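These figures come from a predicted structure and were not determined experimentally. Note that these values count all heavy atoms, side chains included, but never hydrogens, waters or copies made by symmetry. Residue numbers start at 1 and run along the sequence shown.
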Amino acid sequence: MSSPASSLPPPRQSQNYTAQVARQVLAQWGARLGLAWIGLLGLLAVFAPFLASSHPLLLSQDGQLDSPLLRYLTPADASLLALFCAGLILVMARASLRTWLVGLGSVLILAGVTSAALIRPPVLAIYEQYRQQEAAGGYDWVIYAPIPYSPKDYQRDRGETGLQPPLTSPQADHWFGTEENGADVLSRMVHASRIALGIGFVATSIALLLGILIGGLMGYFSGVMDIIGMRLVEIFEAVPTLFLLLTFVAFFERSLYLLMVIIGLTSWSGYARYVRAEFLRLRQQDFVQAALACGLPLRSILFRHMLPNGIGPILVAASFGVASAILAEAVLSFLGLGLVDDPSWGQMLNQAVKSSTFNWWMAAFPGGAIFLTVFAYNLIGEALRDALDPYLKKS
């Protein structure tokens, strides 16, 4: 018969435990550099319209102030700004992990629905009208973004032919050169950071949700459900992910949201294995047996008592999973099966070898961004692993 002390649950992942893990992660230089790079990408993604746009931030015409940029903000722009403001408030309030998840989820849903209902940007954007109006002296003064080009501004009014190396255009103001249609590469890279981060986080969230649900049921019930679940996991692991992605993209339209769903649906099996192993171990623990004896509902046992005590290895796998999702999108875009018109790093990398000559700037800048982002997530994942499981820490 077990003593009363042995039936107590193990230490929960309280706010103090989360803070302790965060301190251990931040103690490593690799994790600091990785978080700094991801933070920089996050800022670029949130403020992309204000950093790279052909629409003036502010202008004065006949004494009247106007901001064309604000008229062209999309529901996605408004939702990201609302998420950023909510994140700042949660940081200042030193909120717990649960409050972060609930708060950001609620703000995302509320801001997404509200902005989709209220914000209607103009469908047609004529970028050169501002340059022509300014050249004709139609403005008293005008303020542009630091990168005065939109990602889809192909600058046909300036007679640029496209695929120009950095700082060789007549105006010499394309710091990263231009792509094949004449659009500014730096502007497209800034806006492409949204796609890289969005695909990484959303696809990994979908895979995590499926992996936790299926793996949790397999580990808790074991028996027939475990056998059926493991066969399903083996089937998904046996099919080459890239082949499955190519098949899906060939049958359906190329959409950012569809890419997120497809990558998420094809990468859940690894998380299911982690969750199954953790739940098989935890279901024999005294605190789970005590919860069963008390008659707690299954939902409470699985998600309130077992999952918080086995989430550590899953978080480590998720950090590597985000990097894998970004790589999958880049590979699809490089093969010409990604997004058609929206900028993405893989799509720009494709243009490096598309013409008869090698366009080094189309390989160096997008390729460097992909490498640094994947490397940053791997550094964060290794630091998390060392903090959560000291026995695996490298000597």
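Between Phe365 and Phe176, the ring-plane angle classifies as parallel under the 30° and 60° cut-offs.
Listed by first then second residue, pairs satisfying ring pair (Phe, Tyr, Trp, His ring centres under 6.0 Å) with a partner in residues 92-126 number zero, not counting sequence neighbours. Sequence neighbours left out, the pairs with a member in residues 78-93 that pass side chain to side chain donor-acceptor pair (under 3.5 Å) are Ser79-Ser115.
Between Arg188 and Asp153 there is no salt bridge, since no side-chain nitrogen of the basic residue lies less than 4.0 Å from a carboxylate oxygen of the acidic one. A salt bridge does not link Arg131 to Glu134: none of the charged nitrogens lies less than 4.0 Å from a carboxylate oxygen.
Take Arg32 and apply the salt bridge (charged side-chain N to carboxylate O under 4.0 Å, His left out) test, not counting sequence neighbours, and it matches no residue. Tyr220 pairs by the ring pair (Phe, Tyr, Trp, His ring centres under 6.0 Å) definition with nothing, not counting sequence neighbours. In this structure Trp268 satisfies the ring pair (Phe, Tyr, Trp, His ring centres under 6.0 Å) test together with Phe236, sequence neighbours excluded.
Linking Ile, Leu, Val, Met, Phe, Trp and Tyr whenever their side-chain heavy atoms come within less than 4.5 Å leaves Val102 and Leu104 in two separate clusters.
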- Kindly indicate, with the supporting measurements, whether the criterion side-chain contact (heavy atoms from CB on, under 4.5 Å) is fulfilled by Asn378 and Val374. CA-CA 6 Å; Asn378 286 338; Val374 173; 3.8 Å; yes

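In terms of modelled atom types and a separation under 3.5 Å, the side chain of Asn359 and the main chain of Gln351 share a donor-acceptor contact.
Between the side chains of Ser333 and Trp345, not a single donor N or O lies within less than 3.5 Å of an accepting N or O.
Taking the ring centroids of Tyr149 and Tyr127, they lie at or beyond the 6.0 Å cut-off.
Clustering of Ile, Leu, Val, Met, Phe, Trp and Tyr by side-chain heavy atoms under 4.5 Å joins Tyr139 with Leu59, Tyr72, Tyr130, Val142, Tyr144.
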